[in-house]
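Let me begin by presenting the structure, written as structure tokens, before commenting on it.
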Amino acid sequence: MLMTNCGAVEEDMSETESDVVLMSAITTPTTPKTKKVVVKEDDAHHPDAFHVSGPRNVASPNWRDLISSSWKDPNYKRTVMACFIQAAYLLELDRQENRNAQNALAPKWWIPFKYKISQTLIDERDGSIFGAVLEWDRAAAMSDLVVIRPSGAPKAVLALRGTILKSFTMRRDIEDDLRFLAWESLKGSVRFSVALEALRSVAKRYGSSNVCIVGHSLGAGFALQVGKALAKEGLFVDAHLFNPPSVSLAMSLRNVGEKAGFAWKRLMSMLPQRNEPLIVNGNEAEMAPPSSPGSGSSFRNWVPSFYGQNQKSSVDLRKWVPHLYVNDSDYICCHYTEHDGEVNNKENSSPGVNTIPQAAAKLFVMSKGKQKFLEAHGLEQWWSDNLELQSAIHSSRLISQQLKSLYSIK
């Protein structure tokens with residue numbers, strides 16, 4: 001009996017165990033789903049997620065844009081361009097953090113505006129992504145009944161990011177930062193040639209009037225110089241530059257040279273002109289002989305050419321007017337707000353010198369008083385809702401210096 005009861009107990013135990021196994025088999029599939037929800041919840045609260053830190057009151061294109069395009073609103077266009085640059089930043093961060101197509105953050109910054117990525121710009125030195133070409137996504141637009149591209153929306157946008165202070169790409173970013181600081185030129189960088197070729201390609205494919213280049217910080221420096229190089233070829237693309245760098249040793253040396261040249265011209269203007277009779281003790285002396293190539297008069301004539309002012313214009317600069325967005329509390333870009341003074345004055349209208357129209361740009365200045373550097377230099381400020389800008393077609397000293405090379409024949 002004891003053995004029989006034991007057998008019965010064993011049967012009951014086996015039935016109980018089978019029930020437990022059966023219940024666990026039923027409930028087990030729900031466990032991975034719970035974990036997946038947790039992962040999605042973490043991604044949803046990521047500080048760089050579009051719905052967390054992106055613009056609040058910007059609508060996606062819809063059929064109403066066929067009647068009145070949102071792209072004709074400068075604030076809307078500035079916001080979208082800033083979002084595209086943020087996408088360029090996140091493409092590199094997604095790569096560094098090994099995100100895949102399901103949890104990548106970057107696409108959320110261009111999909112709402114009906115764009116798609118067609119090319120990533122890669123720095124061959126470290127494999128990092130420093131920019132991307134975004135093109136109008138006609139299929140996505142058609143799904144929302146946007147049958148044609150809204151007026152003002154570019155067909156392609158080249159977005160260039162700035163410096164990322166992470167070990168994966170920090171070395172190459174800072175290397176280009178120092179390149180600009182020392183020479184005020186980025187043409188020696190691998191990124192310059194890659195960006196120029198990408199911009200030239202889409203400009204020829206879609207037409208320069210349908211293409212835009214945008215950048216932030218170091219990326220804005222590349223965008224300005226790449227856009228200027230393309231303008232020399234007669235291709236004028238729309239350019240939106242956020243917090244472009246304005247500080248360099250080359251600029252400081254140039255300012256010293258300009259002041260020295262101005263002082264030299266003032267000095268020479270007080271001396272008798274060539275072939276002008278000299279008055280000695282009340283009597284006219286012989287006319288001064290023609291100056292030799294090494295004389296001071298030749299140097300005076302050489303000074304304007306040093307600044308590229310006596311060379312004929314090869315490109316009408318007024319056709320290319322970039323948009324610059326600066327914060328006067330950001331010491332990296334605040335020098336763009338300095339007005340042009342001594343260089344473009346009446347001294348330059350002396351005989352034999354071809355005066356140059358001032359180089360112009362649409363300058364948008366944010367003034368919020370004293371701000372911390374990271375806040376004043378950040379990209380997020382340019383899509384904030386309470387943004388108040390002072391805007392004008394502005395000829396600043398620095399803009400004139402950087403763009404006047406378009407007038408010289410290289």
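When reading the values below, keep in mind they use all heavy atoms of this one structure, side chains included, and skip hydrogens, waters and symmetry mates. One-based numbering along the sequence shown. Computed from a prediction, not measured in an experiment: that's the story for all the values here.
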Sequence neighbours left out, cut at 3.5 Å: what donor-acceptor pairs do the side chains of residues 196-204 make with other protein atoms?
{"residue": "Glu197", "atom": "OE1", "partner": "Arg200", "partner atom": "NH1", "Å": "3.0"}
{"residue": "Arg200", "atom": "NE", "partner": "Glu233", "partner atom": "OE1", "Å": "3.2"}
{"residue": "Arg200", "atom": "NH2", "partner": "Glu233", "partner atom": "OE2", "Å": "2.8"}

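- By the 4.5 Å heavy-atom criterion applied to side chains, Asp48 and Val52 are not counted as neighbours.
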Using the rule given for side-chain contact (heavy atoms from CB on, under 4.5 Å), can you reason through Trp382 versus Thr79, listing the C-alpha separation, both sets of side-chain angles and the distance that settles it, and then say yes or no?
CA-CA 6 Å; Trp382 300 112; Thr79 297; over 6 Å; no

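- Listed for the Asn210 side chain is no donor-acceptor partner under 3.5 Å among the backbone atoms of Lys155.
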Show, in sequence, the C-alpha distance, side-chain angles and deciding distance for Asn327 and His377, and conclude whether the side-chain contact (heavy atoms from CB on, under 4.5 Å) test is met.
CA-CA 7 Å; Asn327 188 318; His377 191 68; over 6 Å; no

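- Taking the six-membered ring where the residue is Trp, Trp136 and Tyr115 present perpendicular rings, their angle passing 60° and hence far from 30°.
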Intermediate values then yes/no, side-chain contact (heavy atoms from CB on, under 4.5 Å), Asp238 and Lys77:
CA-CA 11 Å; Asp238 194 19; Lys77 192 169 189 177; 3.0 Å; yes

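- Salt bridge status for Asp65 with Lys114: absent, with no side-chain N to carboxylate O gap under 4.0 Å.
- Taking each heavy atom of Arg191 and Ser128 in turn, the nearest pair found is NH2-OG, 3.7 Å.
- Between the CG atom of Leu324 and the CZ atom of Phe364 there is a distance of 9.5 Å, given to the nearest 0.5 Å.
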In residues 80-88, what donor-acceptor pairs under 3.5 Å come from side-chain atoms, sequence neighbours left out?
none

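- Judged purely by atom type and a 3.5 angstrom limit, Asn100 uses its side chain to pair as donor or acceptor with the backbone of Asn103.
- Here the CG-CG distance, from Leu121 to Leu158, works out to 6.0 Å after rounding to the nearest 0.5 Å.
- How far CZ of Arg149 is from OG of Ser69: 9.5 Å, rounded to the nearest 0.5 Å.
- In this structure, the separation between OG on Ser53 and CD on Glu380 is 5.5 Å, given to the nearest 0.5 Å.
- Judged by distance alone, the side chain of Arg56 and the main-chain N or O of Gly54 form a donor-acceptor pair under 3.5 Å.
- The nearest pair of heavy atoms linking Asp176 to Leu186 is O-CD2, 3.4 Å.
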Phe130 and Val194: side-chain contact (heavy atoms from CB on, under 4.5 Å), yes or no, with the steps?
CA-CA 10 Å; Phe130 67 91; Val194 174; 3.8 Å; yes

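- Taking all atoms of both residues into account, the shortest heavy-atom contact from Phe168 to Arg95 is CB-NH2, 4.5 Å.
- For the residue pair Asp94 and Ala106, the shortest heavy atom distance occurs at OD2-N, 3.0 Å.
- Across all non-hydrogen atoms, the minimal contact from Arg125 to Asp123 is NH2-OD2, 2.6 Å.
- For the side-chain contact (heavy atoms from CB on, under 4.5 Å) with Lys116, the lone residue among Asp137, Leu134, Val133 that qualifies is Asp137.
- Atoms CD and CG, from Gln371 and Asp328 in turn, are 8.0 Å apart once rounded to the nearest 0.5 Å.
- The aromatic rings of Trp109 and Trp383 sit tilted, their planes meeting at an angle between 30° and 60°.
- At a threshold of 4.0 Å, the pair Lys166-Glu92 does not count as salt-bridged, since none of the basic side-chain nitrogens sits closer than that to a carboxylate oxygen.
- With values rounded to the nearest 0.5 angstrom, Leu241 atom CG is found 9.5 Å from His323 atom NE2.
- By the neighbour-count criterion of 12 heavy atoms within 6.0 Å, atom CE of Met142 is sparsely surrounded, having that number or fewer from other residues, nucleotides or ligands.
- For the pair Leu160 and Gly131, the tightest heavy-atom approach, listed with the atom from each and the gap, is CD2-CA, 4.1 Å.
- In this structure, the side chain of Asp144 does not engage the main chain of Val146 through any donor-acceptor pair within 3.5 Å.
- Arg161 pairs with exactly one of Ile129, Leu93, Thr169, Leu379 by the side-chain contact (heavy atoms from CB on, under 4.5 Å) rule, that one being Thr169.
- The one candidate from Tyr325, Tyr336, Phe222 that meets the side-chain contact (heavy atoms from CB on, under 4.5 Å) condition with Pro244 is Tyr336.
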